[in-house]
Amino acid sequence: MDKPRFYFLNGGKTAELDFANLGFDYLRCPYRFEAVFEHGIWRTRGVVEDNVMHLPEGSQALHYGQELFEGMKVQTGSDGKVYAFRPLENARRMNDGARYIQGPPVPEDLFIRGIEEVTLANLPYVPPYGSGAALYVRPFYLGVGDNVGVKPAKSYVFRIFVTPVGPYFKGGFGPDQGKRFRVSEHDRAAPQGTGHIKAGGNYAASFIAGHEAKGHGYAEALYLDPAEHTYIEEIGAANFLGLKGKTLVTPESHSILPSIVRRSIMEIAEKLFKWPTETRKIPLAELDALDAAACCGTAAVLVWVQEIVGKDKSWVFPFDERWQKLYDELVGIQTAARPDPFGWRYEIQG
Ligand code: PLP
Ligand code: COI
């Protein structure tokens with residue numbers, strides 16, 4: 001694999017942005033990375049400037065939702081180096097999705113090279129350590145071509161853009177930042193459908209639930225399992241976590257997205273803190289017995305769930321110091337403020 005090329009704007013200096021006050025919004029950075037799959041092989045276009053894509057009007061991504069995306073964060077560490085967090089896991093999850101939607105996998109080294117190149121090209125937009133912001137990296141995958149029939153594309157585009165972001169839920173994490181969620185009557189994915197992959201259509205299907213929740217003053221929708229509407233699935237674009245006595249619990253379901261942050265938190269809890277953990281079905285009614293609740297994801301990081309409002313019942317949860325402990329360890333590992341016993345940090349710039 002070729003060494004990534006280096007691009008420096010401003011002589012490599014940090015962009016003049018108010019990093020500490022960014023929201024979770026798209027800010028156009030100068031460069032993106034692109035590769036195309038045609039005639040059975042991936043060809044790297046490398047770093048490109050145009051943020052507007054020119055696609056055939058018959059593209060499967062546009063009509064039949066043959067699309068996948070990923071999300072990861074790149075951060076400046078306490079040591080001044082620039083790190084991604086477990087990017088190979090994102091590559092693998094994208095390829096699980098590619099198999100499901102019947103497209104070719106993106107070679108893992110191409111995926112990682114793309115993350116490196118696009119980060120280095122946009123280095124001035126990587127927020128400084130301690131700003132609370134991160135560079136959000138958005139790889140995505142589109143089936144493209146001149147087509148009208150319901151069948152997978154022959155050609156694909158793999159592109160990665162980046163944008164500096166602040167907290168996904170306004171205010172982010174903290175003992176004064178409890179968020180309220182509303183149980184939705186809608187499903188985002190079918191029981192044996194696409195919920196476990198990061199297919200764009202799942203998110204279009206979630207807009208109505210999000211709109212209704214926000215319209216009623218809640219931060220997001222909480223989904224129940226689509227077969228019985230009995231068990232907790234996830235919260236918007238974040239997985240659910242609960243504390244029951246000493247045990248950290250999280251839902252098991254085929255129709256939720258297997259969160260990389262959740263897997264990391266469960267591993268931190270189990271292996272570093274020696275807490276008991278359980279991944280299993282959690283009935284909504286079991287909220288009566290939970291001592292605390294939270295949700296987690298790349299964009300969300302970790303968020304204290306202060307209240308869940310159902311059709312005829314609501315539950316209020318206190319802030320639990322164990323959320324703080326998990327948050328500090330996770331973010332500490334991501335930003336080199338703590339040791340990395342699992343090898344999760346991926347150094348992009350030393
Ligand atoms: N659940 C959904 C539906 C998501 O979109 C995301 C975000 O990617 C997550 C959970 C959290 O996953 P991760 O921790 O891999 O970002
Ligand atoms: C993420 O956490 O990376 C997400 O993809 C969440 C959302 C922006 C869809």
Side-chain angles (χ1 to χ4, degrees), residues 22-27 67-75 84-97 111 115 133-141 160-170 172-173 179 181 184 186-190 193-210 213-214 219-226 232-241 250-269 279 294-303 305 326-327 330-331 333-334 342 344 346:
L22 292 176
F24 195 88
D25 300 306
Y26 177 86
L27 189 151
E67 193 270 353
L68 301 164
F69 72 98
E70 273 300 328
M72 82 189 67
K73 278 179 177 167
V74 161
Q75 303 186 61
F85 184 66
R86 309 188 76 178
L88 196 53
E89 297 302 319
N90 295 89
R92 290 178 176 156
R93 188 170 62 190
M94 176 166 270
N95 286 336
D96 288 343
F111 188 101
I115 304 299
L135 189 73
Y136 185 73
V137 179
R138 171 55 63 86
F140 61 107
Y141 174 100
I160 313 172
F161 72 76
V162 298
T163 185
V165 294
Y168 187 65
F169 289 111
K170 203 165 177 293
F173 178 80
K179 306 284 182 279
F181 300 93
S184 179
H186 301 284
D187 304 322
R188 63 182 285 280
T194 54
H196 65 297
I197 62 169
K198 217 160 154 53
N202 294 341
Y203 297 79
S206 76
F207 288 168
I208 178 99
K214 289 170 196 162
E220 250 302 351
L222 182 149
Y223 296 96
L224 297 178
D225 77 279
I232 295 173
E233 289 264 290
E234 52 188 334
I235 290 183
N239 280 184
F240 179 83
L241 297 166
T250 193
E252 165 104 271
S253 164
H254 179 70
S255 43
I256 67 177
L257 192 79
S259 156
I260 296 161
V261 169
R262 170 174 78 160
R263 212 181 316 147
S264 309
I265 285 177
M266 296 303 281
E267 219 167 319
I268 288 170
T279 303
C295 62
C296 68
T298 297
V301 191
L302 185 64
V303 164
V305 174
L326 286 167
Y327 179 90
L330 174 73
V331 176
I333 292 175
Q334 290 173 335
F342 305 108
W344 289 341
Y346 183 87

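For this chain, numbers begin at 1 and follow the sequence in order. Whatever order the structure lists them in is the order used to number ligands and atoms, beginning at 1. On a predicted model such as this, the values are computed, not experimentally measured, just so you know.
- Within the cation-pi definition used here (under 6.0 Å to the ring centroid, within 45° of the axis), Arg86 does not qualify as a partner of Tyr346.
- Side chain of Asn90 to backbone of Gly71: a donor-acceptor contact under 3.5 angstrom is found.
- At a heavy-atom distance under 4.0 Å, only backbone atoms of Ala238 (N, CA, C or O) approach ligand 1.
- Between Lys198 and ligand 1 there is a heavy-atom distance shorter than 4.0 Å.
- If you number the atoms of ligand 1 from 1 as listed, the ones under 4.0 Å from a heavy atom of Val261 come out as 14 (O).
- For ligand 2, the atoms closer than 4.0 angstrom to any heavy atom of Tyr168 are 7 (C), 8 (C).
- Considering backbone and side-chain N/O atoms, Thr298 comes within less than 3.5 Å of an N/O atom of ligand 1.
- The closest approach between a heavy atom of Arg93 and any atom of ligand 1 is below 4.0 Å.
- Within the listing of ligand 2, atoms 3 (O) sit less than 4.0 angstrom from a heavy atom of Gly71.
- A distance of 4.0 Å separates CD1 of Ile256 from CZ of Arg262, quoted to the nearest 0.5 Å.
- Shortest contact from atom 2 (O) of ligand 2 to any protein heavy atom: Ala299 N, 2.8 Å.
- Ligand 2 has at least one atom lying under 4.0 Å from a heavy atom of Arg138.
- Distances from ligand 2 to the non-hydrogen atoms of Glu70 include no value under 4.0 Å.
- The aromatic rings of Tyr203 and Phe69 stand perpendicular to each other, their planes meeting at an angle above 60°, with 30° marking the opposite boundary.
- Under a 4.0 Å criterion applied to the non-hydrogen atoms of Asn239, ligand 1 contributes the atoms 1 (N), 10 (C).
- In terms of polar-atom proximity, Tyr136 is counted as a contact of ligand 2, with an N or O under 3.5 Å from an N or O of the ligand.
- Using a 4.0 Å cut-off between a side-chain N of Lys or Arg and a carboxylate O of Asp or Glu, Glu70 and Arg138 do not qualify as a salt bridge.
- In this structure a side-chain-to-backbone donor-acceptor pair under 3.5 Å is missing from Lys198 to Phe140.
- Nearest non-hydrogen protein atom to atom 9 (C) of ligand 1 is Ala237 O, 3.2 Å.
- In terms of modelled atom types and a separation under 3.5 Å, the side chain of Thr163 and the main chain of Leu27 share a donor-acceptor contact.
- Per-residue contacts place Gly297 under 4.0 angstrom from the following atoms of ligand 1 (heavy atoms of the residue considered): 11 (C), 14 (O), 16 (O).
- Atoms of ligand 2 lying under 4.0 Å from any heavy atom of Thr298, numbered from 1 in the order shown and given with element: 1 (C), 2 (O), 3 (O).
- Here Tyr141 contributes atom OH and Asn95 contributes atom CG; the two are 7.5 Å apart, rounded to the nearest 0.5 Å.
- Close approach of ligand 1 to Glu234 (heavy-atom distance below 4.0 Å) involves ligand atoms 1 (N), 2 (C), 3 (C), 10 (C).
- Every atom of ligand 1 with a heavy atom of Tyr203 under 4.0 Å away is listed here by number and element: 2 (C), 3 (C), 4 (C), 5 (O).
- Side chain of Glu89 to main chain of Ile260: no donor-acceptor pair is present (N/O by atom type, distance under 3.5 Å, no hydrogens or angles).
- Remark: ligand 2 atoms within the under-4.0 Å shell around heavy atoms of Phe24 are 8 (C).
- At a threshold of 4.0 Å, the pair Arg188-Glu234 counts as salt-bridged, since one of the basic side-chain nitrogens sits closer than that to a carboxylate oxygen.
- Atoms of ligand 1 found under 4.0 Å from any heavy atom of Ser259 (numbered from 1 in listed order, with element): 11 (C), 12 (O), 13 (P), 14 (O), 15 (O).
- Contact of the Lys73 side chain with the Phe85 side chain is not registered, since no non-hydrogen atoms from C-beta on lie closer than 4.5 Å.
- Proximity of a side-chain donor or acceptor of Thr250 to a complementary backbone N or O of Phe240 within less than 3.5 Å is detected.
- In this structure, Gly236 has a heavy atom closer than 4.0 Å to ligand 1.
- Ligand 2 places these atoms under 4.0 Å from at least one heavy atom of Ala237: 6 (C), 7 (C), 9 (C).
- Here Cys295 contributes atom SG and Phe169 contributes atom CZ; the two are 5.0 Å apart, rounded to the nearest 0.5 Å.
- For ligand 2, the polar-atom distance check against Lys198 finds a nitrogen or oxygen pair separated by under 3.5 Å.
- Between Ile260 and ligand 1, a contact under 3.5 Å exists for at least one N or O pair.
- In terms of modelled atom types and a separation under 3.5 Å, the side chain of Asn202 and the main chain of Ile197 share a donor-acceptor contact.
- Heavy-atom separations between Arg188 and ligand 1 include at least one value shorter than 4.0 Å.
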